[in-house]
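First the proteins, then the strands, lettered A, B, ... as listed; each starts at 1. Heavy atoms only: backbone and side chains are in, while hydrogens, waters and symmetry mates are out.
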There are 2 protein chains.
Amino acid sequence: MSNESIWVTIVEDTDRFREVFALIIDDRDGYRCVSQYKDCESAIQNIVEDNPDVILMDIELGDDKITGIEAVGLIKAKLPETEIVMLTVHEDNDAYIFDSLCAGASGYLTKDVSPDALLDAIRQAHKGGAPMSLPIARRVVTTFQQSPDKASELSAHETRVLSLAAADLVDKEIADKMDISRDTVRYHFKGIYRKLQVHSKHGAVAKAMRKGLL
Amino acid sequence: MSNESIWVTIVEDTDRFREVFALIIDDRDGYRCVSQYKDCESAIQNIVEDNPDVILMDIELGDDKITGIEAVGLIKAKLPETEIVMLTVHEDNDAYIFDSLCAGASGYLTKDVSPDALLDAIRQAHKGGAPMSLPIARRVVTTFQQSPDKASELSAHETRVLSLAAADLVDKEIADKMDISRDTVRYHFKGIYRKLQVHSKHGAVAKAMRKGLL
DNA sequence: CAACAAACTACCCAATCAGGCAGTCTAACT
DNA sequence: AGTTAGACTGCCTGATTGGGTAGTTTGTTG
């Protein structure tokens, strides 16, 4: 937490990337690379003493016992104030992005980032932002943008039936609540199953919730 | 879709903001404010002819019949290639942010943005990015970061059983996947029902997902 | 070692469920 | 008027489920 420079730690197993990033950071006033690690284990052991403001963490760490994603959670537990920015070579794996963010990372960059953009991202993360490469930011945002047929997917009755099911009611109770017959409830579920392509109430509830229908 | 300039349309009811933004945009090479609107209705009527690359849209439009959020969906339907960046004065309403993104907006800025940052955001949106003010970007990211007591509720086996159920599997299939007997699956469900206080798979899946356990 | 809790397996029973088939009723479109 | 589509109800069958009870194995603790 220096007043003058942003302290940065790099965790990256590829020598070339690590050295280049360190040079970029140390070369510029206001930034200081306080430590570098080639693997998560040694990083986790020493990171508290380094006390960096921002950590650049490779997401695909070679033959480590733990991945960069798991390391995020461990480090965040020790240094909750430290911002972690993930680095990746390929931007093609959605699961990586979201697992990292869920684990506590604040940003996500591809390694082809320019020096200026890298430093800008470090500054943004330190200031409370969420620096992301363009395609990654877009990917994150699009997860909020469901398929256009969202609302037209289920009818009003189907939605109500399903949301009552999600409230742990059985068919008879749903029927009473909606003032329709038990068989009509079953009829609606058949429609729900067809539209959501599932074969059970639990599958339907899960899929509907994931799609934002409930 | 100009090769030279990014065409921008502004939808904003406050005269001062609208004029300032237009000046900023027209003053700089590479940006052109092709139209301005004070309300959603007139914007929606004319926007197709304007055919802007990027729209800056106020989110709190005064006494309009529709809000800026609804307008996003309508405009996106007409101009799917156009990027929409929301403008807001207060950054404190999570629902606005997520509703806008869900409706199809690509970015989200507070109105106290600097001229350079505004132009940068327009360029980013046009290039496929997702420009967001620092606190807003952080808010979006934190929605991916669930509460810390997430895993403590259910055992590892229970969580796995439940997540397989959420994938629409029946007990026998879950048992095969986990290499345990069908009755053991049922045993785990009993534990899940007790802990979540439900009496059905669909109730359990819904409650677990709402709690962020899945 | 004894006691204990847990994870696991098994079986019973009544209720519910999923899927298929059939029929009614109403509103909309031709 | 005839056709069509959708919402609704009913029933049948076999399978699954929820709840209960009980025995085994395993590891842990005193």
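- The distance between atom CG of B:Asp168 and atom C1' of D:dT17, rounded to the nearest whole Å, is 15 Å.
- Of the N and O atoms on the side chains of B:Ser200 and B:His202, at least one donor lies less than 3.5 Å from an acceptor on the other residue.
- Protein atom CZ of B:Arg182 is 11 Å distant from nucleotide atom P of D:dG18, rounded to whole Å.
- Distances shown here put a side-chain N or O of A:Tyr193 below 4.0 Å from the OP1 or OP2 atom of C:dA18.
- Taking 4.5 Å as the limit, every side-chain heavy atom of B:His199 sits out of range of all side-chain heavy atoms of B:Tyr193.
- Counting non-hydrogen atoms under 4.0 angstrom, B:Phe189 reaches nothing in the nucleic acid.
- The nucleotide whose nearest atom lies closest to any side-chain atom of A:Ser181 is, among D:dG10, D:dC8, C:dA18, D:dG10.
- Where A:Asp183 and B:Asp179 meet DNA chain C, the nucleotide closest to each residue was compared, and B:Asp179 sits on the side nearer the 5' end.
- Between the CD1 atom of A:Ile192 and the P atom of C:dC17 there is a distance of 13 Å, given to the nearest Å.
- Nearer to the 5' terminus of DNA chain C, by closest-nucleotide assignment, is the contact made by B:Val185 (compared with the other of B:His202 and B:Val185).
- For A:Val170, taking side-chain heavy atoms from C-beta onward, the closest of the listed nucleotides D:dG19, C:dT16, C:dA18 is C:dT16.
- The shortest non-hydrogen separation linking A:Val72 to A:Ala105 is CG1-N, 3.6 Å.
- In the interface, the side chain of B:Arg186 is not paired with the base of D:dG20 through any donor and acceptor atom under 3.5 Å apart.
- A donor-acceptor contact closer than 3.5 angstrom links the side chains of A:Thr110 and A:Asp112.
- In this structure, of D:dC8, C:dA10, C:dC8, it is D:dC8 that holds the atom nearest to the side chain of A:Tyr187.
- In the interface, the side chain of B:Lys190 is paired with the base of D:dG20 through a donor and an acceptor atom under 3.5 Å apart.
- Rounded to whole angstrom, the span from the CG atom of B:Asp171 across to the P atom of C:dT16 amounts to 18 Å.
- Proximity of B:His188 to the phosphate of C:dC8: a side-chain N or O atom is located under 4.0 Å from OP1 or OP2.
- Applying the 4.0 Å criterion to OP1 and OP2 of D:dT16, one finds that B:Lys201 has every side-chain N and O outside that range.
- One finds no salt bridge joining A:Arg18 and A:Asp58 here, because no Lys/Arg side-chain nitrogen approaches an Asp/Glu carboxylate oxygen to under 4.0 Å.
- Among C:dC8, C:dG19, D:dG10, the nucleotide with an atom closest to any side-chain atom of A:His199 is C:dG19.
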